[in-house]
Protein chains: 2
Amino acid sequence: MTLTNLDASIRKNRTANAAITVTLDGVPQPDRDVVVVQREHRFLFGCTGFDLVPLANGELTDGLTDGATARAERLAEHWLGLFNFVTLPFYWGQFEEERGRPRTERLRNAAAWFRERGCPVKGHPLVWHTVTADWLTDLSNEEIARAQVDRIRREVGDFSGLIDMWDVINEVVIMPIFDKYDNGVTRLCREMGRIPMVRMAFDAAREAHPHATLLLNDFDMSAAYECLIEGLLEAGIRIDALGLQSHMHQGYWGEERTLAVLDRFSRYGLPLHFTETTILSGELMPEHIADLNDYQVAAWPSTPEGEERQAGEIVRHYRTLLSHPAVEAMTYWGMTDGGWLGAPGGFVRADGSPKPSYDAARSLIKGDWWFPPTTLRTDAEGRVRFTGFLGAYEVSAAGRTAAFHLDTPGEIHATAAM
Amino acid sequence: MTLTNLDASIRKNRTANAAITVTLDGVPQPDRDVVVVQREHRFLFGCTGFDLVPLANGELTDGLTDGATARAERLAEHWLGLFNFVTLPFYWGQFEEERGRPRTERLRNAAAWFRERGCPVKGHPLVWHTVTADWLTDLSNEEIARAQVDRIRREVGDFSGLIDMWDVINEVVIMPIFDKYDNGVTRLCREMGRIPMVRMAFDAAREAHPHATLLLNDFDMSAAYECLIEGLLEAGIRIDALGLQSHMHQGYWGEERTLAVLDRFSRYGLPLHFTETTILSGELMPEHIADLNDYQVAAWPSTPEGEERQAGEIVRHYRTLLSHPAVEAMTYWGMTDGGWLGAPGGFVRADGSPKPSYDAARSLIKGDWWFPPTTLRTDAEGRVRFTGFLGAYEVSAAGRTAAFHLDTPGEIHATAAM
């Protein structure tokens with residue numbers, strides 16, 4: 001794919017040419033004005049929702065001048081103005097810091113809050129060597145395995161229907177050789193090997209929720225991840241989607257590299273999710289830092305030039321992902337600045353004001369790629385024709401409304417029964 | 001393992017405390033002087049033998065002042081003074097440059113030449129995307145697969161008994177994503193996937209020679225190779241030994257990194273072969289070169305300081321490898337300078353004179369790690385006791401000789417029947 005035909009590819013892979021027959025009480029309505037409006041995108045434009053968990057739980061207690069609730073509500077408004085898909089945190093070491101006291105209720109409230117606002121929820125992650133439960137290190141490997149399986153079954157089961165998508169296991173490529181500090185998950189993976197570890201995790205999740213979408217997720221975009229995936233597929237493990245992290249603290253990848261990654265990881269015929277995208281609006285992290293966690297700075301501000309650059313790069317990144325038919329979701333890693341590593345990677349500044357990237361992304365997601373309320377006239381057979389981005393639509397006339405979906409690119413003939 | 005106890009580990013893993021009962025016509029020989037001598041190492045101290053193929057084939061035709069034969073014979077003498085194991089070249093693009101005309105006879109002569117001199121032979125490689133047959137690109141993938149399998153069966157079968165060890169497939173980690181130039185092997189691997197490709201190659205080799213030692217070989221020492229290996233093992237593919245390349249054109253790895261590699265790749269319980277070691281006696285290649293093939297220099301001389309450094313590093317490298325019980329073989333990549341990339345990586349200079357590294361390695365392999373002819377006196381039960389490096393031995397007295405082996409570290413009780 002050349003860069004110049006990204007737009008043609010977006011059109012080809014993300015839009016449908018719809019011919020919708022509008023009926024009223026079963027009768028087609030010829031020569032009539034109707035209003036067509038897009039209600040939702042089929043593509044999952046996602047973001048983490050970690051910051052909104054307190055709001056969803058009514059935990060914010062404002063002092064007279066504090067305004068925490070107002071700030072959170074403003075953040076929520078911005079969030080919902082851009083995204084339709086959320087990732088919520090299930091880091092074991094935080095979710096069950098004390099063994100036997102999981103924060104199930106708090107996360108149920110958060111998940112319900114997003115579901116009520118039309119956003120499907122993904123839980124992240126069920127197995128990871130980082131931020132895993134400290135108390136695992138007191139257990140034998142056999143006990144760690146049992147605790148891990150029980151925890152997967154519990155969360156996936158408890159949230160079934162509320163959360164139907166999970167990053168089951170995170171960063172398996174380095175899991176058994178992670179050497180920053182001792183932890184139970186690395187110990188177990190080193191003994192079991194990567195493939196049996198993944199199988200154990202996926203089996204437990206699948207059993208607890210047979211219809212969930214289960215992801216493998218990694219930051220390693222090298223041949224290592226390919227080799228892991230090929231080994232897992234060859235071993236008969238069913239993976240529903242491949243998660244590709246994309247923290248770009250050291251600089252935007254650019255179209256060419258992104259397309260090369262898409263080319264390599266789409267070979268498996270599995271849907272791709274860009275699970276953790278960060279693009280900075282401040283100084284970049286030096287290239288020589290191998291583990292991003294090693295970069296510690298006192299302050300990492302967003303800058304005017306950085307914000308202009310970020311806006312352009314975010315547009316380029318979204319366009320590149322939308323151009324490739326294998327990509328079903330993109331999750332931006334943090335709405336606000338000052339998240340992981342304190343980096344200025346958000347769409348809004350620390351003071352809550354939107355950056356240029358926010359407006360730029362919105363002008364794509366709710367602008368160029370959105371079918372606004374439009375009055376169309378049905379033809380002699382009662383049909384309206386239009387080209388729209390895939391997603392959920394409504395048509396209305398004379399106080400009646402009917403829903404329809406554009407689910408696949410190309411030609412779609414459907415009926416909207418009012 | 002700490003660096004200071006390398007010697008203790010070498011002793012533990014590479015020597016036996018032998019108690020050998022010497023018998024003459026079945027009767028133990030008490031209180032008698034016998035001479036014990038080591039004949040061969042159990043460890044495979046290997047090197048490529050590419051340079052000696054012309055000599056083995058009598059291809060050298062000397063002019064009056066040329067002396068090519070004499071130079072080759074001197075090289076052979078140096079080679080055999082150090083090594084007991086050879087790797088011979090089976091690069092498909094050279095071995096069968098013209099389809100249907102393999103250079104079988106020439107390689108048979110070379111293999112026989114080494115076998116007659118006590119050196120087991122390994123063929124390298126049967127499948128590789130580099131230096132593969134150009135004519136493959138005219139074929140369909142199905143035809144490439146058939147040609148590849150036929151070629152494996154033919155070589156492994158033709159050389160059975162002469163060559164019982166093969167680098168079956170080389171550099172699988174990058175095989176399907178190699179993008180320097182189009183070639184038949186990459187095309188096929190991209191379509192088949194890595195694991196089915198390896199399975200196809202190993203199945204063909206195993207079928208042609210069920211008792212051969214079959215290696216997987218790679219330069220990628222990252223988690224990618226681990227993931228590949230785990231996938232292959234999980235898929236039930238039997239690999240007899242793992243080949244770890246170790247071209248150190250950008251600098252000697254050092255003990256710590258080498259031990260970390262050994263630690264990671266010994267987890268699979270498979271023997272490890274360091275298959276392609278290069279340590280330079282000249283300027284190092286700059287670190288920023290990612291693909292070593294990209295480094296092209298007009299001249300790359302061996303220097304006096306470089307030769308001193310190389311000698312020290314070679315000793316450190318051999319000691320590190322011998323200290324780890326999983327390592328069964330080490331193959332140095334080229335006896336003379338000016339081989340791959342023109343690099344000064346040899347044990348002898350371009351003019352045929354040995355470098356300090358030659359003497360340093362020899363003082364280990366045939367010195368510190370060698371049991372020289374030694375007169376020992378049998379005890380009252382006819383036993384001699386000594387500590388020796390694992391390998392083949394002889395004991396002799398009064399014109400009679402008996403062979404025995406020290407095959408496992410620790411205590412060995414055996415009888416040598418003269």
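Here is how names work: the chains are called A, B, and so on, in the same order as the sequence lines, proteins then strands, and each is numbered from 1. Predicted, not measured: the structure shown is a model, and the values here were computed from it.
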Leading residue by heavy atom contact count with chain B [cutoff under 4.5 Å; candidates A/P176, A/A224, A/A260]: A/A224
Pick from A/I174, A/D263, A/I229 with the largest number of heavy-atom pairs that fall under 4.5 Å of chain B: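 Option with the greatest count: A/D263.
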Other residues, nucleotides, ligands: >12 heavy atoms within 6.0 Å of B/Q250 CD: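 Above 12, so yes.
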Heavy atoms of other groups near A/D134 CG, more than 12 under 6.0 Å: no
CG on A/D218 to SG on B/C227, rounded to 0.5 Å: 8.0 Å
A/E226/B/R194 salt bridge by N-O under 4.0 Å criterion: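 Looking at A/E226 together with B/R194, the answer is yes, because their closest N to O distance falls below 4.0 Å.
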Electrostatic pair A/R199-B/E234, nearest N-O below 4.0 angstrom: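 Yes, this pair counts.
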Derivation and outcome, side chain to side chain contact (heavy atoms under 4.5 Å, CB included), residues A/R267 and B/I177: CA-CA 11 Å; A/R267 284 191 291 142; B/I177 55 172; 3.9 Å; yes
Per-residue contact mode, A/Y268 against chain B (heavy atom under 4.5 angstrom):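 Just the side chain, heavy atoms under 4.5 Å.
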Taking every non-hydrogen atom, the tightest pair across B/G231 and A/I195: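 The answer is CA-CD1, 3.4 Å.
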